[in-house]
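Chain identifiers are assigned alphabetically (A, B, ...) following the order of the sequence lines, protein sequences preceding nucleic acid strands; residue numbering begins at 1 within each chain.
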Amino acid sequence: MRRFVAEKAKRALSSYLLSSSRSLPSPSLTSSPLKFYSTAAAMASKLNPPVTVDTLNPKVLKCEYAVRGEIVTHAQRLQEELQTQPGSHPFDEILYCNIGNPQSLAQQPITFFREVLALTDHPALLDKSESAALFSSDSIERAWQILDVIPGRATGAYSHSQGVKGLRDAIAAGIAARDGFPSNPDDIFLTDGASPAVHMMMQLLIRTENDGILCPIPQYPLYSASIALHGGSLVPYYLDEGTGWGLEISELKKQLEEARSKGITVRALVVINPGNPTGQVLAEENQRQIVEFCKKEGLVLLADEVYQENIYVDDKSFNSFKKIARSMGYGEDDLAVVSFQSVSKGYYGECGKRGGYMEITGFSADVREQIYKVASVNLCSNISGQILASLVMNPPKVGDESYESYMAEKDGILQSLARRAQALEEAFNSMEGVTCNKAEGAMYLFPRIHLPQKAIDAAKAVNKAPDAFYAQRLLEATGIVVVPGSGFGQVPGTWHFRCTILPQEDKIPGIISHFKAFHESFMSEYRD
Amino acid sequence: MAKALDYESLNENVKKTAYAVRGELYLRASELQKEGKKIIFTNVGNPHALGQKPLTFPRQVVALCQAPFLLDDPNVGLLFPADAIARAKHYLQLTSGGLGAYSDSRGIPGVRKEVAEFIERRDGYPTDPELIFLTDGASKGVMQMLNAIIRNENDGILVPVPQYPLYSAAITLYGGSLVPYYLEEEANWSLDFNNIRQSIASARSKGITVRAMVIINPGNPTGQCLSEANIRELLRFCFLENLVLLADEVYQQNIYQDERPFISARKILFDMGPPLNKEVQLVSFHTVSKGYWGECGQRGGYFEMTNLSPKTVDEIYKVASISLSPNVPGQIFMGLMVNPPKPGDISYFKFEQESKAIMESLRKRAHIMTDGFNSCRNVVCNFTEGAMYSFPQIRLPARAIEAAKSAGKAPDVLYCLKLLEATGISTVPGSGFGQKEGVFHLRTTILPAEEDMPAIMESFKKFNDAFMEEYEDYRGYSRM
């Protein structure tokens, strides 16, 4: 009733305003235009302010990002309750296993990197003799090298829109050393983390909703969100859980053809290697097939390689897609590859710095100009992040003063990650109705839960996806925050959740025991 | 096989987008620089690139935050003053794991609280930290808001002409319509409400729904500081026409005259009382890139929302969360900017000294540049009341305009290219910012070092006089 009345009043007022706003009084009446219009306009505004949820960009309304979605907001509420009413919940702390944010869970930064960053953030330190007592000699040397390639040594100035040239030179050298194939600094665009670079590519590739991007399911939901924001279509290809999240070319072909038959122009293929949330490391042969596929079908290969330094198995190693393509004899004229890297992951875990880059190859000069133009609107990415990216791609070498301590820190972190991945995987596999593929790389486990029908019905009754229902119950019982599989996509009718391997190692046994206890009690409640 | 992504198959909106600040002139200047020519880059407001030194205190604090192990070193006091050490500890405590952890997607709550306290001190009205979002520079915030508002090409955004071309670029990228309103050059670039009303009416008659209005105060490129009366009328206008006001206030620290100090749009809105204070929707933007800080490379900024519904704020939060978080060091710079050393602090004296020196010099340079331009007979330049730019009007002779046409270039582009080749001064042609038909400008910054200014202005004058010699039609002028 109230809504009907409001609608009627709105219509009456807007027609009143429409007639009156076209004939605003002349300046001589400016002493009281407000009084003249105030009531009408005020009432109209109350009903119809310029920006409301109803008048927002529908693409904004449509996009979703579960990693910081509903379950996290709920967890934050519980965390507040724990502080204001201690003992109000059956747990003492919230354990955030929802997001790949290592340093928020006490992972320590790499000392050498932070030494260099402190010196480049405050170059006056380099002029003081006391600094030699506080900083390693190679960090001082590296800081000088970096400042020498920054015009005027001004780390507070906007740089070239692709990033400082000298830092791109260093990154290109690091890529070449890693791959054994040359890298051109002019192909590199330094960005505030890898995510803005992904957005840039989506903006360039997507013209209308008839432009499709092939994305793995499950996927890191930056891709689905970005495609929605840019008004394109996500063309899913399913990774095969039964074969360790294998990527089958036959599946790619099938999905591509189906999309095309619906009138979708498929523009690009996203591959996340190592996978997120799935953790698989692609075999070389598989990568070669993918490269062939993109070349044959005229797709841009978008290679998300941010977890390239997170590999926990001895029988697999990281190969960049650009390296694979070049080793097959494919050059700039054969296919376009965009490789994304970040300072947020690996063993450095510097999420808060927002450092990353994309390396673009196989595009014509006029396309590259457009990419540059889009980058220039934001002027440049943060300089400290750019410096860190150059350090990550060129860490201390044998013989450097910091080499041994650097290696100890790096190995310590990676070995601990491998142990935690193993412990959690075993724990999940030991739970009734839960199967969990190995985390060969990245930072996550993505177990499948075979939920009893009773649980599925209970979830439906409260209007929740079954995995979201499970995750919420888990949170409320244990304080552990995981992200429901529906946030990443999964084969319909299957349920998963993503759990990071990042909680501190000494907390893992406790997490495992509480998780198991919850799971047993959940299954007891809902077992068929 | 056709390339997977070629020029033809690019997103049309990308192709239509232009951003002159790093466009043709800048690219040409960079080429010349590579060839060994000395270039004075006055194309972008980038103070540190022209020799302005960073303020000491913030750099000390952030360096300590980068390397917290320094805090445990017994010798740390030899290199850092005690208040910098204390402040670093304060910020580290506010983070969720130091500089290397993603923060809350809206920014560190403790820093947003500092920003809220700053706003309250500045304006005399309280504000809610939950409505303040930190961003990687103000530009990202502007783009987020415009992306949220623009649904399709029938959504129009009122933008001042001349404007900072981030606005035109973002509107094009997001597929909206730019509705221009002209600032009045003869009246010191003030707002002309008749023109604004005409613009909005004209847009509406074409079926455009005008959603928002952008105001840049102090102005870029125009440098004017709006009067309180102007801002009041503007707010009333937005109220009546149902527009959200996007107030770009990034230059609020850069004021070079005393008649019109900076007053935030929000303060005036609240001064005006009901119903406006509860009804007018406003988003205000600020940054660490300008002012006397000039920390462009840190990418620190924020926007503050007033009178947007909680549901709208939630949606904007959702979009922010996709990029996880703004960079943490930039957030700390923002905290330091809104909460600088106070009288009595160890670092206060030096901080004040450094800040004052920069502000006084900027004021001097604003005058030197304005006067230098006005000393040329074909140049008229409004005084740079605020911001960092000078936007002289260059009267070009008919033959120059013809020459430009034959070269396929806008006349001011031709002028600026020749200026660049002759003197190494890299400016941005007025067409990059928008101007009235047949009126030409260029934008330069007031940022070159004070001691270099006289020589730069002299170099400009020499070029300009030679240019006029070359292109002037002698029939209209006597050489006696």
Under a 4.5 Å cut-off applied to non-hydrogen side-chain atoms, are A/Leu205 and B/Leu5 in contact? yes
Is it the side chain or the backbone of A/Ser344 that comes within 4.5 Å of chain B heavy atoms, both, or neither? side chain
Between the main-chain N or O of A/Leu134 and the side-chain N or O of B/Asp73, is there a donor-acceptor pair closer than 3.5 Å? no
Would you check if there is a donor-acceptor pair between the side chains of B/Ser9 and A/Arg267 at a distance under 3.5 Å? yes
Chain B contact via A/Val377 - which portion, at a heavy-atom distance below 4.5 Å: both
For residues A/Gln370 and B/Thr17, is any side-chain donor paired with an opposing acceptor at under 3.5 Å? no
Residues A/Thr55 and B/Arg211: side-chain donor-acceptor under 3.5 angstrom: yes
Contact origin within A/Thr208 toward chain B - heavy atom pairs under 4.5 Å: neither
Distance alone, cut at 3.5 Å: any donor-acceptor contact between the side chains of B/Arg59 and A/Thr155? yes
Which region of A/Pro102, side chain (C-beta onward) or backbone (N, CA, C, O), has a non-hydrogen atom less than 4.5 Å from a non-hydrogen atom of chain B, or is it both or neither? neither
If I measure from the heavy atoms of chain B, does A/Phe135 come under 4.5 Å with its side chain, its backbone, both, or neither? side chain
Give, as side chain, backbone, both or neither, the part of B/Cys238 having an atom under 4.5 angstrom from any heavy atom of chain A. neither
At a heavy-atom separation under 4.5 Å, does A/Tyr220 approach chain B through its side chain, its backbone, both, or neither? side chain
Where on A/His230 is there a heavy atom nearer than 4.5 Å to chain B: the side chain, the backbone, both, or neither? neither
Identify which part of B/Lys15 has an atom lying under 4.5 Å from any heavy atom of chain A, answering side chain, backbone, both or neither. both
Contact part of A/Leu61 toward chain B, heavy-atom cut-off under 4.5 Å: side chain, backbone, both or neither? both
Would you tell me whether B/Gln298 and A/Asn382 have side-chain atoms, one donor and one acceptor, within less than 3.5 Å of each other? no
Between A/Tyr372 and chain B, which part of the residue has a heavy atom less than 4.5 Å away: side chain, backbone, both or neither? side chain
Side chain, backbone, both or neither of B/Val319 within contact of chain A (heavy atoms, under 4.5 Å): side chain
Side-chain contact test, heavy atoms from C-beta onward, threshold under 4.5 Å: evaluate it for A/Ile99 versus B/Leu324 and give yes or no. yes
Heavy-atom distances under 4.5 Å only: say whether A/Lys353 touches chain B with side chain, backbone, both or neither. both
By a 4.5 Å heavy-atom criterion (distance strictly below it), what part of A/Ser159 contacts chain B: side chain, backbone, both, or neither? backbone
Evaluate whether atom NZ of B/Lys278 has more than 12 neighbouring non-hydrogen atoms of other residues, nucleotides or ligands under 6.0 angstrom away. no
At a heavy-atom separation under 4.5 Å, does A/Leu204 approach chain B through its side chain, its backbone, both, or neither? both
Heavy-atom count around A/Glu64 CD within 6.0 Å, excluding the residue itself: above 12? no
